[in-house]
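Scroll down for the structure; my scribbles are underneath it.
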Amino acid sequence: MSSKDKMLITGGHPLVGEITVSGGKNTAVAVIPAALLCNAPCTIENLPDIEDVYALIDILRLLGAKVEYVPERYMRIDASGVTGYQVPYSLTRRLRASYYLLGALLGRAGKAEVAYPGGCDFCSRPIDQHLKGFAALGAEIDDRRGVVHAKTDGRLKGNDVFFDVVTVGGTINVMLAAVRAKGNTVIYNAAKEPHIVDLANFLNSMGANVKGAGTDVIRIRGVEELHGCNYAVIPDQIETGTLMIAAAATRGDVTIRGCIPTHMEALTAKLLEMGVRVTENDDSIRVRPQGVQRAVNVKTRVYPGFPTDLQQPMTALLCMAQGVSTVCETVFEQRFKHLDELRRMGAKIKLMDRTVLIEGVNELYGAPVTVTDLRAGAALIVAGLMAKGVTEIYETSYIDRGYVRIEEKLRKLGAEIRREPI
Ligand code: UD1
């Protein structure tokens, strides 16, 4: 990546006020390709206005879909004219979740040729389980020169799919492929993340028959056709968590509106354990300080455990907690590229295998740092908000992949943060 601007943060200002979260990125990138499964218009609301969404619009248009997008309002997708089934690397390199085109096109047309995805490459991210799932449904898979070729004669056939690892992407991709397959599919060891439930709700509102999403066994009765629908995606769990962490980091008083507090329980529990005050209402969370913030031990897990996507911003927060914290990453073993950058800002951190040992310091200081992936960017923003002096953040386009105008939201809460062309 090569960003055109840098972000400048002068730390030390407590965040205070109210903020509304945007729609979920991880839901958006699944629901938009899912609209390819029917030949009638689907209208989707509450989409986050982020780069991943623009990349998907370009992909859908290339395939022949009509897409009307009014940011912050709605996207209308009419896939009735779709004849394409090939997605080149020039497009898939723009987002990790482009692999959902495989499931969606296979489900729609029984064939797909999609180049391996790009996106955040914080470590190796295989898709063998996705391909194994497609093969179980009767697709022939051929994987050459960086492109996955998947095809079947006629319709896919429902089957049992057992995942060896709990995979969010694999679960979603097999759901996409299976909803129009002939017969029943049962996904065992399925992921349970909130956006899997959201995708199931979207598919069901198109006439699919998906049961059990949110548990580790998902049952899908294939239907021949789906119809159009209107749907609003759920709020972004990770943006909510990032704002909660930023509020705690600046010892501010922030109410986050339009979120789903039950999706945040693992983080809320950790913040309470640190000594941060967190109170919940039906669709809002308030985060306030309460004296000393204590060190805690965090281990990332699949949902409902502590999300790996909040591991990096949480690590930044713990850099100034009193005592020694540990953060153990069990989902993506190498998701630690942010640590060197935090060290530049004065963090005392050691990496042992897949566990970060953090000795809390009294002060972080601003420094020039570079973003290496989306959530590393969130970690550096959190550190910049806490640090003394000015933090210069380079490669901001990673941040724009997943956060909607994050600097505007933080500025509204009192942060001193701006962008400058490089
Ligand atoms: C999704 C999220 C991402 C989040 C991650 C874990 C989206 C678009 N992205 O990514 O933000 O960090 O879940 O919550 O929703 N694995 C395999 N083989 C596979 C697939 C996965 O070995 O075929 C392994 C991965 O290397 C990883 C683990 O399974 O160790 C979980 O990965 P997965 O849940 O698939 O993550 P993504 O869907 O890529």
Side-chain angles (χ1 to χ4, degrees), residues 23-34 47-48 50-53 55-56 92 94-104 116-136 141 143 148 150 161-177 187 189-200 213 216 233-234 236-242 263 266-267 299-314 328-338 354 373-379 398 401-403:
K25 162 190 171 285
N26 285 346
T27 298
V29 296
V31 161
I32 295 171
L47 288 170
I50 51 172
E51 280 311 310
D52 276 16
V53 165
L56 281 170
T92 62
R94 287 171 58 190
L95 84 159
R96 177 78 203 155
S98 50
Y99 50 43
Y100 293 147
L101 272 309
L102 277 169
Y116 268 96
C120 282
D121 57 350
F122 44 77
C123 67
S124 136
R125 296 174 77 176
I127 59 166
D128 57 301
Q129 298 299 307
H130 307 221
L131 303 185
K132 184 178 122 166
F134 299 146
I141 309 288
D143 179 0
V148 179
V161 175
F162 295 87
F163 284 128
D164 301 329
V165 291
V166 180
T167 156
V168 172
T171 303
I172 287 179
N173 237 340
V174 171
M175 283 166 73
L176 293 171
I187 305 174
N189 202 20
K192 296 182 275 197
E193 266 66 5
H195 48 293
I196 288 174
V197 179
D198 208 31
L199 175 68
D216 51 14
V233 304
I234 54 169
D236 198 295
Q237 179 201 13
I238 306 303
E239 187 196 8
T240 305
T242 305
H263 291 169
L267 173 62
K299 196 176 236 184
T300 64
R301 292 273 183 215
V302 293
Y303 189 81
F306 193 95
T308 170
D309 284 351
L310 290 175
Q311 176 260 110
Q312 292 152 297
M314 188 68 183
C328 178
E329 174 60 65
T330 73
V331 180
F332 292 112
E333 286 174 30
Q334 302 301 320
R335 199 171 200 177
F336 294 119
K337 288 188 180 169
H338 56 301
R354 52 167 84 175
D373 59 79
L374 168 60
R375 307 302 171 188
Y398 280 110
R401 282 199 41 230
Y403 292 94

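Counting starts at 1 for both ligands and their atoms, following the listed order.
The nearest pair of heavy atoms linking Thr300 to Thr308 is CG2-CA, 3.7 Å.
By the 4.0 Å N-to-carboxylate-O rule, Arg354 lies too far from Glu329 to be salt-bridged with it.
A donor-acceptor pair under 3.5 Å is absent between the side-chain atoms of Gln129 and the main chain of Gly170, judged by distance alone. Looking only at distances, a side-chain donor or acceptor of Ser98 sits under 3.5 Å from a matching main-chain atom of Thr92. The backbone N or O of Leu102 lies less than 3.5 Å from no partner atom in the side chain of Asn173, so there is not a single donor-acceptor pair. Between the side chain of Glu193 and the backbone N or O of Tyr303 there is at least one donor-acceptor pair closer than 3.5 Å. For Asp236 (side chain) and Lys25 (main-chain N/O), a donor-acceptor pair under 3.5 Å exists by modelled atom type.
Applying the 4.0 Å criterion to heavy atoms of Tyr99 picks out, from ligand 1, the atoms 37 (P), 38 (O), 39 (O). Remark: ligand 1 atoms within the under-4.0 Å shell around heavy atoms of His195 are 15 (O). Atoms of ligand 1 lying under 4.0 Å from at least one heavy atom of Thr308, given by number and element, are 6 (C), 12 (O), 14 (O). Counting atoms of ligand 1 from 1 in the listed order, those under 4.0 Å from a heavy atom of Val165 are 16 (N), 17 (C), 22 (O), 29 (O). Heavy-atom proximity to Val29, at under 4.0 Å, picks out these atoms of ligand 1: 8 (C). Atoms of ligand 1 found under 4.0 Å from any heavy atom of Ile127 (numbered from 1 in listed order, with element): 19 (C), 23 (O). Counting atoms of ligand 1 from 1 in the listed order, those under 4.0 Å from a heavy atom of Asp309 are 3 (C), 4 (C), 11 (O), 12 (O).
Side-chain atoms of Tyr403 and Arg375, non-hydrogen and from C-beta on, do get closer than 4.5 Å to each other.
Polar contact check, Gly169 against ligand 1: a nitrogen or oxygen pair lies under 3.5 Å apart. Looking at Gln129 next to ligand 1, an N or O pair under 3.5 Å apart turns up. For ligand 1, the polar-atom distance check finds an N/O of Val168 within less than 3.5 Å of one of the ligand's N/O atoms. Considering backbone and side-chain atoms together, Thr167 places an N or O closer than 3.5 Å to an N or O of ligand 1. For ligand 1, the polar-atom distance check against Val331 finds a nitrogen or oxygen pair separated by under 3.5 Å.
A heavy-atom separation below 4.0 Å is not found between Arg375 and ligand 1. The closest approach between any non-hydrogen atom of Arg335 and ligand 1 is below 4.0 Å. The closest approach between any non-hydrogen atom of Pro307 and ligand 1 is not below 4.0 Å. Contact between Phe163 and ligand 1 is absent, with no heavy atom of the residue lying under 4.0 Å from the ligand.
Every residue meeting the side chain to side chain contact (heavy atoms under 4.5 Å, CB included) condition with Ala376, not counting sequence neighbours, appears here in chain and number order: Gln312, His338, Thr372, Asp373.
Each of Val161, Val174, Asp164, Ile141 was evaluated against Lys132; a single residue qualifies, Asp164, per the side-chain contact (heavy atoms from CB on, under 4.5 Å) test.
Atom NZ of Lys299 sits in a sparse spot, with 12 or fewer heavy atoms from other residues, nucleotides or ligands closer than 6.0 Å.
The residue from Ala30, Pro117, Ser98, Pro126 that puts a heavy atom closest to atom 22 (O) of ligand 1 is Pro126. In this structure, of Leu199, Thr330, Asp128, Thr171, the residue bringing a heavy atom nearest to atom 18 (N) of ligand 1 is Asp128.
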